[in-house]
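Labels below follow one simple rule: chain letters A, B, ... track the order of the sequence lines, proteins then strands, and each chain is numbered from 1.
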Protein chains: 2
Amino acid sequence: MATIKEVAKEAGVSVATVSRVLNGNGYVHEDTRKAVDAAIKKLDYRPNEIARSLFNRKSKLIGLVIPDITNPFFPELARGVEDFLQEQGYRLIIGNSDENREKEINYIETFIQHNVIGMISTSGEDTSLWEALKIPVVLLDRVTENYPSVYADQAGGGRLAAEILLARGSNNITLLRGPQHVRTAQERFLAALDVLGRSNAVFQVVNTSFSFKGANETAKQLFDMYPETDGIVASNDIVASAVLREALKRGKNIPENLQIVGFDDIPVCELLYPALSTIHQPAYQMGAEAAKLLIENILHSSNEAKQIVLPVSFKERETTRKVEM
Amino acid sequence: MATIKEVAKEAGVSVATVSRVLNGNGYVHEDTRKAVDAAIKKLDYRPNEIARSLFNRKSKLIGLVIPDITNPFFPELARGVEDFLQEQGYRLIIGNSDENREKEINYIETFIQHNVIGMISTSGEDTSLWEALKIPVVLLDRVTENYPSVYADQAGGGRLAAEILLARGSNNITLLRGPQHVRTAQERFLAALDVLGRSNAVFQVVNTSFSFKGANETAKQLFDMYPETDGIVASNDIVASAVLREALKRGKNIPENLQIVGFDDIPVCELLYPALSTIHQPAYQMGAEAAKLLIENILHSSNEAKQIVLPVSFKERETTRKVEM
DNA sequence: TTGAAAGCGTTACCAA
DNA sequence: TTGGTAACGCTTTCAA
């Protein structure tokens, strides 16, 4: 790697001058600029970001902590973040926290050590982690008040899911509740519960985890306990898939006798047969918005607690009945 | 952030001494060490990795380029890489290349600018990219001879898939070929083709992309052209899912009248109904092995072209018939 | 319009 | 066993 010193020598100028043309600062004569540019090109010089970073006390690096890249909802989010950042010349350091506080702290520490200039986190449960940080933080998906946040309208989604089922004629509805410590899950649940409560449909609640393993078991119990159920509001798409599988196994006709609505709209949905009707969260867009907000806050060195709520929508596929308009 | 200078002042010693206790180098009196440790703790000091990196001309950062984090095979890989690296105290900078040379080059450049000490790439198509680099590179999944590589036994997998179908009684087999420029796809295909060629089963070949979009169309054509087919060797699980969907739509009995074998064993497989039988690639382990090999090469500053081939296995689920032993 | 030099936080050499 | 200091590659102030 060529250094600025070599470029300076090649161009017959001082390093200060090279630095100026590099950054477009200060005065530099047109001819000098040309000579420097030529030297840069000739030596295929690229500034050492580390040295820059040391001097400026900031880098071009952004930290991203997600619970688990292996959960299909998050890659979509991450991709949105990455694409936006990449475009703006920033780079991503990524860490999987497994919803584990220790791990997240560990990542945050090394982010700081690397002069990361901002971070995006998807675990708003514990705000104390970032309060000490002097870099902008944006919360994504799992958010908290008073912090810059980007999330999808969970309550709206929960409501929508319940309404969809009601409007399409289910009247013995099972509402699946995700992990209670996951805020998004809780919000969806509460909103759906509210809608159901105001309806005259029969309904019941069943607790689920968010992973397929547990969900499979839960699905069995669900149909054992409530064989009459004709509509299911799932806590997320993974759980919905498990329920769908179990229902198919038991020979249920879907959507004729049983309707299912998922949540998230992960890519899997389209792969299933029948394809899963679900509440779509604009994950990619959420990621991009979060990145955008973060960059704004970095540039204005503010940490404005803007709340960006993105709308969800119903993705009608094959596990719900058509309704004539 | 406290600096080494502040720690030195707090402990009443020079920065050189602090550096020594930090790195466990040279002599330092037990009492001095204690004083320094106390100061470190008191100030909650953490070394600035950027400054270290500048001096050492190397960082703790590893670059990872994957085609698309959104394709469910890669997060698994990435997770394997990340977990191993994390454990060893390294950090990951990640980039999505979209199989685009430009983008990959761009990432490599910025990796270098950040003093990345090694990188893992999942696009072995073009070796010229890394030849100029003086940092160790490990190829993962999409590999090339003469480069340190970690991959799963594609040919073995292709062979296995074909044999499975044959052994389970399919005798009108459709072999799906993935994109020809993707080496892994080609190897699977060729091996399966060879097995089929040596059998006395009827078979035909159909080209597919790796994405769901195209696959859906292809699936339709497949059944239009070869309605008699009773066994399908898919190019990957996404394609297999599309085929499964289409088959179900057309009312085929699976696995009684039609068997399907996928490739990869992405998490989706278990979510389908019937669950997809497939050739399992140990993606997580592949990622971990690649990370391990990379770290070895970094530590011995070699770039030994070790080839690590991981075995694949048949994951028997519900789209193939049981065979009595 | 240009260059010299200080400084960013660290490490490692050399002297003490 | 310890401290002073140059150096890593860059940016920015100050002076020329």
Next on the checklist: Just the rounded figure in Å: distance from P of dT11(D) to NZ of Lys58(A).
Outcome noted: 13 Å
Next on the checklist: Looking at Asp44(B) and Arg46(B), is there a salt bridge between them, counting it only when a charged N and a carboxylate O are closer than 4.0 Å?
Outcome noted: yes
Checklist entry - Would you call Glu82(A)-Arg91(A) a salt bridge at under 4.0 Å N-O? => result no
Checklist entry - So do Gln281(A) and Gln154(A) actually touch side chain to side chain, heavy atoms under 4.5 Å? => result yes
Checklist outcome for this item: In whole angstroms, the gap separating C1' of dA16(D) from OH of Tyr27(A) amounts to 16 Å
Next on the checklist: So that I can tick it off, tell me whether Glu145(A) and Arg183(A) are bridged by a salt bridge, with the cut-off set at under 4.0 angstrom between side-chain N and carboxylate O.
Outcome noted: yes
Next on the checklist: Base contacts versus sugar-phosphate-only contacts with protein, heavy atoms under 4.0 Å: please encode nucleotides 4-14 of chain C as B, S and - from 5' to 3'.
Outcome noted: B--BBBBBBB-
Checklist entry - Ion pair present between Glu296(B) and Lys306(B), side-chain N to carboxylate O less than 4.0 angstrom? => result yes
Checklist entry - End-to-end bend of the helix from dT1(C)-dA16(D) to dA16(C)-dT1(D) (five-pair axes, 10° rounding)? => result 50°
Next on the checklist: Whether Arg79(A) and Glu76(A) form a salt bridge (side-chain N of Lys/Arg under 4.0 Å from carboxylate O of Asp/Glu) is what I want to check.
Outcome noted: no
Checklist entry - Do Leu139(B) and Pro148(B) have side chains that get closer than 4.5 Å, going by heavy atoms? => result no
Item to check | Sugar-phosphate only, base, or nothing, as touched by Ser53(B) at under 4.0 Å among non-hydrogen atoms | outcome: nothing
Checklist entry - Which pairs count as salt bridge (Lys or Arg N to Asp or Glu O under 4.0 Å) when at least one residue sits in residues 5-14 of chain A, sequence neighbours excluded? => result Glu10(A)-Lys42(A)
